Amino acid sequence: MAQITYREAIRQALREEMTRDERVYIMGEDIGAYGGSYAVTKGFLDEWGPDRIVDTPIAEGGIVGVATGAAMHGMRPIVEIMSINFSLLAMDQICNHASKLHYMFNGQITVPLVIRTASGWGQLAATHSQTFEAWYASMPGLKVAMPATPYDAKGMLISAIRDPDPVMFIEHSLLYGTRGEVPEGDYTVPLGQAEVKREGTDLTIVTYSRSLMIAQQAADQLAKQDISVEIVDLRSLRPLDTGPAVASVQKTNRALVVEEDWRSCGMGAEIVARLQEEAFDYLDAPIMRIAAVEVPLPYAKNLERLCYPTEQDVVGAALKLLNR
Amino acid sequence: MAQITYREAIRQALREEMTRDERVYIMGEDIGAYGGSYAVTKGFLDEWGPDRIVDTPIAEGGIVGVATGAAMHGMRPIVEIMSINFSLLAMDQICNHASKLHYMFNGQITVPLVIRTASGWGQLAATHSQTFEAWYASMPGLKVAMPATPYDAKGMLISAIRDPDPVMFIEHSLLYGTRGEVPEGDYTVPLGQAEVKREGTDLTIVTYSRSLMIAQQAADQLAKQDISVEIVDLRSLRPLDTGPAVASVQKTNRALVVEEDWRSCGMGAEIVARLQEEAFDYLDAPIMRIAAVEVPLPYAKNLERLCYPTEQDVVGAALKLLNR
Amino acid sequence: MAVSSGSRARTRKTTKAAANGAQQTQAAPVNLSDERLIEMYRQMVLIRRFEEKSAEGYAYGKIGGFCHLYIGEEAVAVGAIGALSADDHLVTHYRDHGYALARGCDPGAVMAELYGRASGVSGGRGGSMHLADVSKGFWGGYAIVAGHIPLAVGIAQAIKYRKLEQIVICFFGDGATNNGYFHESLNIAAVNDLPIIFLVENNSYGMGTAINLASRVTEIVDKAAAYHITAEQTDGMDPLAVYEATSRLRERCLAGEGPFLLEAKTYRLVGHSTADPAGYRTKDEVEQYRAGDPIGRFGQVLAERGVLSADAAKQIDQEMIEAADAAAKFADESPEPAPDTLYDMVYAAPLG
Amino acid sequence: MAVSSGSRARTRKTTKAAANGAQQTQAAPVNLSDERLIEMYRQMVLIRRFEEKSAEGYAYGKIGGFCHLYIGEEAVAVGAIGALSADDHLVTHYRDHGYALARGCDPGAVMAELYGRASGVSGGRGGSMHLADVSKGFWGGYAIVAGHIPLAVGIAQAIKYRKLEQIVICFFGDGATNNGYFHESLNIAAVNDLPIIFLVENNSYGMGTAINLASRVTEIVDKAAAYHITAEQTDGMDPLAVYEATSRLRERCLAGEGPFLLEAKTYRLVGHSTADPAGYRTKDEVEQYRAGDPIGRFGQVLAERGVLSADAAKQIDQEMIEAADAAAKFADESPEPAPDTLYDMVYAAPLG
Ligand SMILES: Cc1ncc(C[n+]2csc(CCOP(=O)(O)OP(=O)(O)O)c2C)c(N)n1
Ligand SMILES: Cc1ncc(C[n+]2csc(CCOP(=O)(O)OP(=O)(O)O)c2C)c(N)n1
Ligand SMILES: [Mg+2]
Ligand SMILES: [Mg+2]
């Protein structure tokens, strides 16, 4: 299998689905002539033309609403929102509109809409360094995918495009350049299924998106100290599949959640709540959370570095959990 | 002390602060001639005139931004957003602007802004029946108050108005008519302090806003079965004061969270996560959550009734927690 | 450099004309058969009687939540929707009973929705503010002010992409035009030349806020200049004027000349919702508009044309009272949604 | 009824004039001392040299994140901000180095902010997009497109309430005018008669999207009609034209005639940010604008007026190169923010 980047995996999914299904098209700010702010759709305008690669004005709320309407009337729109931070401007459309219509109108309307957006950071300062997956994961009617690997990114994006419901598909700016094995052509990774990404016996790490990378690095380091870590990648945050994590905790009796969101009311809280609900008797220690520091993210590199979880943070927490 | 309504308590706080401080004024949709969609500002336009009771166009994002700007330049604006559901349209202003400025500009800017809004429901259907306190409670730079009683409503609103930071002050449409003792004149209830609203020994209920009422009713019923319930009212959700809840659980060894938000990623998740972090060894059973059913809220009365926690749900959960 | 002359003072004087060089034009004569004219009259009366019945249902606690009546504005829905073909599309705001009835939804199914019953057009899940019948191209009423405008633009985008012979009409109020969605939507529709008519019902109030307290611009047509969209004003108390304008703009949309903005001047003769005593308006003002009640006016026009006798009008009224009564009876006798359907249709494809 | 004539075809032809009856006017003569003229020239050169140094800092990895240069647009900031008094207020978008320098911020402190140092104007917490110096009425650059426009309106609201002799100027781009915040903000400012100038820098692109792909309306003045706001276009490559227009509108704001919209036609001679090769524009187009470089043009005007000799110009350039170098040196030698300040100032009043 070819080793390709996360970015290229997403590009493949987009092209294959646009080829397969004429109803699929992409809308967003600077996706055409500019090629996408993270270059995901570079060259697409030339390849597909302006009817299927639609550059829009800077109007996140309007764009998501327009795409929702098009989805209602037989299209399969993919909206790119440059940064998940800007999705706050579309919050009402995503939550009060796209997510509600199928239920509220008694099944008369369906909204096969994909919103692709990027979490991430890198000295972008307070308004461009947040991540809101926990908010979306709370929303009935919406599905939320947040893949960590090129393989999952392609397979889950294809699933999302074919899905009849609105899907928030959350990429990560610091993953675009990472590589992994990806088959060419058609395959899907189902939405709503977590996966064990590393087997182990001493400790369970539950994570998703870029934090998987951090968790893997920490697990490598811990392995050198003869500590065997099992890593569960949630992949989808709504519906949230806690089965593999619960099974893992039943085996390891200790769990740690790693995420890049702020700790308070992040995904980690929900994972902790469910694990203690579903595996209370198996837990030998409180479930720990490693998350971002609760400040508006500062620009200065040295300060920013203090804000997001590192491999060392994870190793430290693991040792503490194991009383070592 | 006078028994007055939650609505009247809020009215008193507004009037007293407007009298005390000329910089305090109110902006919002239909707060003037109409008197406020929940009649909180009824008569205020005549009393204070249009400079201090400012009717606005229907533009939640713009309004919150304008109030933020006024707060930056020496005013003490109070914005009324009719319903917390409409706050989604102001999400970017609240989170990317008001909450960020003090930190991002290194203390040069302060934003003494109060956003009053109402949670609540009553056959208002999917887009008008949600509550988003957990989202706001995740936001560094923002304070979140959600009082349950007339006494707390008045005292906390006064604190919020005098506070130099942006405060989401979340009222509840189904509480406006409820009554309680409230002193006339000036007193404050500090932001960021939970309170034990009922002492007990067998079980801890952690809750806030209208759910406190449900919890009290359930506790009355449980008392008849000789079950002694302690109730902790969080009152503020950011900063979140878990001290009283932790202390309570150390005593009762069993906890239950009651909220009206959807279960997934609601406040309950954060409370559970913190309690198991801070009182793991005291817990004799998993912490339970009673929350709203995860559907877009339906209009039909009989369906809606199935969605929100009832006294009976709380009693049932308590009995289960106590293996009775 | 260039100086715009569209200053406040100047434009406020020209209340009847659009600021950007608008002219008074005579509505083109409308060629409708007597049957169609009478059908329009019947629809207007149906809406009126239905709304009165809704108010009653609300007072009796049969209807809950928010309930916004269309009394006084009937000519807009009947005129505009009467000009559509069966393939066209409607997206509306929450004051939507009139649109549903004008589009031919069964009054019983509409009232059942207000009552929250399984037989309602939205299965009882949507209520008064969320009527829909997608089989008729009626994509629903929406309760977030202005939030539905981009949805309507999206439907128009799909039409253009799919090369369908259809248009969209999107109804909203004067208050909605001050919202960012209005701006973003009209701009996107314009730059993409989409087949959509934005129909603004200018009833001079958004809830209890008078239009001039919410904007300097009280003639909504003036706002279209910011998108280079052609705009017209029409008399929203006259179904034929609305019909004529809509028909004409619809044709132009089909010819690829869209979008358009059509402002219908109208008035709600009752409160914003059934809970609103409307103390923010003077009795005089309301009385003045009541004297020009669109149903009375249209009845008179038809009488003068010899199309509708006094007796016939009376009979229609009686029939519509009965239709509204029957709708309420149907609603009342309909079962509530089954509790075990509560979790159905959160997703079209539930997972896991 | 009224028919607006502001149709697309017609208006697109009148590119130089506002659609709503705009006329060409001659900029009034500007009465500035030679010293002031030279000072303006110095500021423009300072900005240019500073921006070149910023690009260098970015290339060397001293500056991170997004960094948007003002090269080509110097005349706008220098002209407009030069017309303000010390008590007035500025709120700007993220392309904000030029505003900071034109407002008199120390170049070292500005560069230190870009470097993320404690001595930066925002303590290193804001970075390139979030410069501020509130002591100078400069309330900051903001990175959410159009999100700062309502903040600026709010400052103007406070001015009016507090009866201060001040105005606000709010800078943003052509792309921002398609956003809902633009609409809501201009409407609120207008209905409240607030003392604010909305200064649109129309550089024909929002990031990589050409203005005509984002809106039918490419002359931003046309958009002001929707708020009954008086609008003007000015030559954003000429600091005196911008100065003159801003001064005049500022006076009118103080006289209670605000708000106003001022469109400055300009061009960025470099990419959207330091990361953008700007492949969406033709070389020809860029070359054409480069030929009209505002610094060269203004230098020539001053030379013709006998205010600035070739030698003096050369010397100013040398001084500004040195100033930019010194700023970078200061930044580079400044300490990073202390790690133990990380949690400071999340709140003005931390609780519990
Ligand atoms: C985003 C949002 N803000 C506020 C409301 C409350 N609200 C409902 S209707 C209404 C007035 C709308 O006025 P207009 O658009 O003129 O329509 P009309 O009711 O007059 O037909 C308001 C403020 C809402 N539903 N949604
Ligand atoms: C809400 C939001 N959407 C998108 C972006 C990304 N973005 C940053 S600048 C920009 C273009 C703005 O163009 P314009 O307003 O014309 O200003 P210019 O950069 O040309 O001066 C975009 C799309 C953003 N920062 N905020
Ligand atoms: Mg109205
Ligand atoms: Mg631009």
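All of these numbers come straight from a predicted model, not from anything done at the bench. Residue numbering restarts at 1 for every chain, and letters A, B, ... go by the order of the sequence lines.
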Problem - Top of C/Glu113, C/Lys160, C/Arg162 for chain A proximity - count of heavy-atom pairs under 4.5 angstrom - result: C/Arg162

Completion exercise
If one checks every heavy atom of A/Lys143 against chain C at 4.5 Å, the contacting part turns out to be both

Exercise for the section: Check each atom of C/Leu342 against the heavy atoms of chain A and say whether the ones under 4.5 Å are side chain, backbone, both or neither. Expected result: both

Practice task
Name the option with the most non-hydrogen atom pairs under 4.5 Å to chain C; the candidates are A/Thr68, A/Val64, A/Ile109, A/Ile58.
Solution key: A/Ile109

Practice task
Identify which of C/Gly180, C/Ala152, C/Gly120, C/Gly123 forms the greatest number of heavy-atom pairs closer than 4.5 Å to chain A.
Solution key: C/Gly123

Fill in the blank from the handout: Looking only at A/Pro164, A/Gly62, A/Ala67, A/Gly141, most heavy-atom pairs under 4.5 Å shared with chain C are made by A/Gly141

Practice task
Heavy-atom distances under 4.5 Å only: say whether A/Leu101 touches chain C with side chain, backbone, both or neither.
Solution key: side chain

Problem - Pick from C/Ile188, C/Leu131, C/Val153 with the largest number of heavy-atom pairs that fall under 4.5 Å of chain A - result: C/Ile188

Handout entry: Residues A/Arg162, A/Glu17: salt bridge by 4.0 Å N-O rule
Key = yes

Problem - C/Ser128 and C/His68 side chains, donor-acceptor separation under 3.5 Å - result: no

Practice task
Name the region of C/Tyr181, side chain, backbone, both or neither, that has any atom closer than 4.5 Å to a heavy atom of chain A.
Solution key: side chain

Handout entry: Test item: side-chain donor near acceptor, C/His272 and C/Arg95, under 3.5 Å
Key = yes

Exercise for the section: Answer yes or no: does atom NZ of C/Lys62 have more than 12 heavy-atom neighbours from other residues, nucleotides or ligands under 6.0 Å? Expected result: no

Fill in the blank from the handout: Among C/Thr341, C/Asn192, C/Asp133, C/Val91, the residue with the most heavy-atom pairs under 4.5 Å to chain A is C/Asp133

Practice task
For the residue pair A/Arg23 and C/Tyr161, confirm or rule out a side-chain donor-acceptor distance under 3.5 Å.
Solution key: no

Practice task
Check whether A/Asn96 gets within reach of chain C through its side chain, its backbone, both or neither, counting any heavy atom under 4.5 Å.
Solution key: side chain

Problem - Side chains of A/Asn85 and A/Gln130, donor plus acceptor under 3.5 Å - result: yes

Fill in the blank from the handout: Applying a strict 4.5 Å limit to non-hydrogen atoms, the region of A/Pro140 in contact with chain C is both

Handout entry: Minimal non-hydrogen separation, C/Ala102 against C/Ala77, with atom names
Key = CB-O, 3.9 Å

Exercise for the section: Check whether the side chains of C/His93 and C/Tyr99 place a donor and an acceptor atom closer than 3.5 Å, and report yes or no. Expected result: yes

Handout entry: Per-residue contact mode, C/His148 against chain A (heavy atom under 4.5 angstrom)
Key = backbone

Practice task
Taking only Lys NZ, Arg NE, NH1 and NH2, and the carboxylate oxygens of Asp or Glu, determine whether A/Glu277 and A/Arg274 approach each other closer than 4.0 Å.
Solution key: no

Practice task
Mind ranking A/Met75, A/Glu22, A/His102 by heavy-atom pairs under 4.5 Å with chain C and telling me who comes out on top?
Solution key: A/His102

